[in-house]
Colleague: 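My questions will all concern the structure given below.
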Amino acid sequence: MFKLHRRALARTVLAAALSSTALLAHAQAWPSKPVTLTVGFAAGGSADILARAISQKLTGVLGQPVVVDNKPGAGGTIAAAAVASAAPDGHTLLLVTSGHAGSGALYPTLRYDPIKAFTPVIKLAATPVVVVAPAAQPWKSLSELLDAARKAPGTLNYAAGGGGATTTALAAEFLKKDTGTDMVQVPYRGSGPALTALLSGEVQVGFEIPSSALPHIQSGKLRALAVTTRTRSTALPDVPTVIEQGIRDFEVIGWFGVLAPAGTPAAVVERLNRELNAALQQPELRERLSGLGLESGGGTPAEFQKLIASDTQRYGEAIRRMGIKVE
């Protein structure tokens, strides 16, 4: 009996060793070709800027080019659908925003499950949403904007990044709901086109991520009216929060992260997580993110998975409760 037990234990240890060796071999063999980092928003926006910054870092350590592929539209769900159906071999990745957590509620006919179709890799960064207006507009504060919206319901147009299931779009909806105002969203395929429309006067208000809007705020072309976090942004220390301007308990925090198709080998996910954590600790990248109004992220895939699950519940409940629908 004792000999049989020892043989069974030996077989278990051997199987574990072989499994670990196979995982290590797979990780060492990957990547065997260029890696595509798919972004669901147009070039020039915050997601695109971040994607290009981390793709450069990964290219330097993986031994293969990491190419950014922009697939804008439908709040990032076009890109997500493409990655969900890609081979789970680590050569196709998805950069998502926190709007991904609301996509299932906003788009009930998606061809993929926003949770089950992906393997979380890492949270890259966190950010507020900033409410902005062209310098030509008269509003000097969020309160003045809201007063104008109340006096003329449905006449002010706004842009909110890529629209749909984006944090910027949801922040706008939450603000309208909490303040009883009626403004009309004009959909664009990303922050780049939305900012172009804002700067040209095509829309009067914008809900943006600081990394996209900051250069235009610094140049004086846009006026920042509020940020949506509980505390002020380090990139915009002079801009008051929504809470400071009288809307109690209002908070919307955006995040960016990397997902892989479900079924991607654990060894590949672990290596990606390790390399990205290391990149996020580099002073050069941390300084660059801070200058864009982003707080550097990091952590484990499990921690990122917990964040996605939490925000999926929160955003989904809010979207259904408020009756938000994609036009």
Side-chain angles (χ1 to χ4, degrees), residues 39-42 45-51 72-80 94-107 114 120 123-132 158-178 183 185 187-195 198 205-214 224-231 233 235-236 239 241-243 247 249-259 289 292-295 297 304 307-320 322 324 326:
V39 182
F41 306 95
S46 51
D48 177 71
I49 293 171
L50 180 57
T77 59
I78 293 174
L94 177 67
L95 187 141
V96 292
T97 71
S98 46
H100 178 79
S103 60
L106 275 177
Y107 300 94
K123 171 188 168 185
L124 293 172
T127 179
V129 175
V130 58
V131 186
V132 293
Y158 70 91
T166 61
T167 304
T168 47
L170 292 174
E173 294 292 347
F174 293 158
L175 184 65
K176 290 192 296 180
K177 179 71 173 181
D178 288 359
M183 295 183 285
Q185 181 182 354
Y188 295 95
R189 294 173 67 85
S191 289
L195 283 166
L198 191 63
V205 187
F207 290 78
E208 275 298 339
I209 300 297
S211 53
S212 299
L214 197 56
L225 305 179
V227 292
T228 63
T229 40
R230 288 187 177 274
T231 58
S233 168
L236 296 165
V239 180
T241 66
V242 173
I243 293 175
I247 294 88
D249 297 324
F250 188 93
E251 181 181 35
V252 176
I253 301 175
W255 45 257
F256 300 85
V258 175
L259 303 176
L289 295 184
L292 293 170
L294 301 177
E295 179 183 339
F304 187 31
L307 173 63
I308 293 172
S310 174
D311 275 3
T312 295
Q313 180 177 352
R314 178 194 175 204
Y315 285 0
E317 289 176 351
I319 288 166
R320 288 185 286 270
M322 295 162 57
I324 300 174
V326 177

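When a residue number appears, it is its place in the shown sequence, counting from 1.
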Colleague: To the nearest 0.5 Å, what is the distance between OH on Tyr158 and OG1 on Thr168?
Modeller: 9.5 Å

Colleague: Rounded to the nearest 0.5 Å, how far does CD of Glu173 lie from NZ of Lys177?
Modeller: 10.5 Å

Colleague: Keeping Tyr315 on the side-chain end and Leu170 on the backbone end, is there a donor-acceptor pair under 3.5 Å?
Modeller: no

Colleague: Name the residue from Ser212, Pro72, Ser211 that meets the side chain to side chain contact (heavy atoms under 4.5 Å, CB included) definition with Ser191.
Modeller: Ser212

Colleague: Would you say the side-chain atoms of Thr167 pair up with the backbone N or O of Gly99, donor to acceptor, closer than 3.5 Å?
Modeller: yes

Colleague: Does the side chain of Asp48 come within less than 4.5 Å of Phe41's, by heavy atoms?
Modeller: no

Colleague: To check you understand the geometry: which heavy-atom pair defines the closest contact between Pro210 and Pro128, and what is its length?
Modeller: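 Reported closest heavy-atom pair: CD-O, 3.2 Å.
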
Colleague: Taking the side chain as everything from C-beta on, heavy atoms only, tell me whether Leu225 gets closer than 4.5 Å to Val205.
Modeller: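 Counting from C-beta outward, Leu225 and Val205 never come under 4.5 Å.
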
Colleague: Just so I know, are the side chains of Leu214 and Leu236 near enough to count as touching, which here means a heavy-atom distance under 4.5 Å?
Modeller: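 Side-chain contact under 4.5 Å: yes.
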
Colleague: For the atom pair OG1 (Thr127) and CD1 (Ile253), what is the distance rounded to the nearest 0.5 Å?
Modeller: 9.5 Å

Colleague: Show your working on side-chain contact (heavy atoms from CB on, under 4.5 Å) between Leu259 and Ile308 and close with a plain yes or no.
Modeller: CA-CA 11 Å; Leu259 303 176; Ile308 293 172; 3.8 Å; yes

Colleague: With a 4.5 Å heavy-atom cut-off, do Glu251 and Val242 have their side chains touching?
Modeller: no

Colleague: Run the side chain to side chain donor-acceptor pair (under 3.5 Å) test against Thr312 and tell me which residues pass, sequence neighbours left out.
Modeller: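 Side chain to side chain donor-acceptor pair (under 3.5 Å) list for Thr312, sorted by chain: empty.
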
Colleague: State the CG-OG distance between Leu294 and Ser46, to the nearest 0.5 angstrom.
Modeller: 7.5 Å

Colleague: For Leu94 and Val96, which heavy atoms make the closest approach, and how far apart are they?
Modeller: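 What the structure gives for the nearest pair is CD2-CG1, 3.3 Å.
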
Colleague: For Val239 and Val131, run side-chain contact (heavy atoms from CB on, under 4.5 Å): C-alpha distance rounded to whole Å, both residues' side-chain angles, the deciding distance at 0.1 Å, then the answer.
Modeller: CA-CA 10 Å; Val239 180; Val131 186; over 6 Å; no

Colleague: Assess whether atom CD of Glu295 is packed by more than 12 heavy atoms of other residues, nucleotides or ligands within 6.0 Å.
Modeller: no

Colleague: Restricting to non-hydrogen atoms, name the atom on Leu198 and the atom on Val132 that form the minimum distance, rounded to 0.1 Å.
Modeller: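 Heavy-atom minimum between the residues: CD2-CG2, 3.5 Å.
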
Colleague: For the atom pair OH (Tyr107) and OG1 (Thr77), what is the distance rounded to the nearest 0.5 Å?
Modeller: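 Between Tyr107 OH and Thr77 OG1, I get 5.0 Å after rounding to 0.5 Å.
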
Colleague: Taking atom CD1 of Ile243 and atom OG1 of Thr231, what is their separation to the nearest 0.5 Å?
Modeller: 9.0 Å

Colleague: Which residues pass the side-chain contact (heavy atoms from CB on, under 4.5 Å) test with Ala318, not counting sequence neighbours?
Modeller: Phe174, Arg321, Met322

Colleague: For Met183 versus Phe207, what's the shortest heavy-atom pair and its separation?
Modeller: CE-CZ, 4.4 Å

Colleague: What are the two closest heavy atoms between Thr228 and Val252, and how far apart are they?
Modeller: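 For Thr228 versus Val252, the nearest heavy atoms are OG1-O, 2.7 Å.
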
Colleague: Measure across His100 and Ser103 and return the closest heavy-atom pair with its distance rounded to 0.1 Å.
Modeller: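 For His100 and Ser103, the tightest heavy-atom pair comes out as O-OG, 2.8 Å.
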
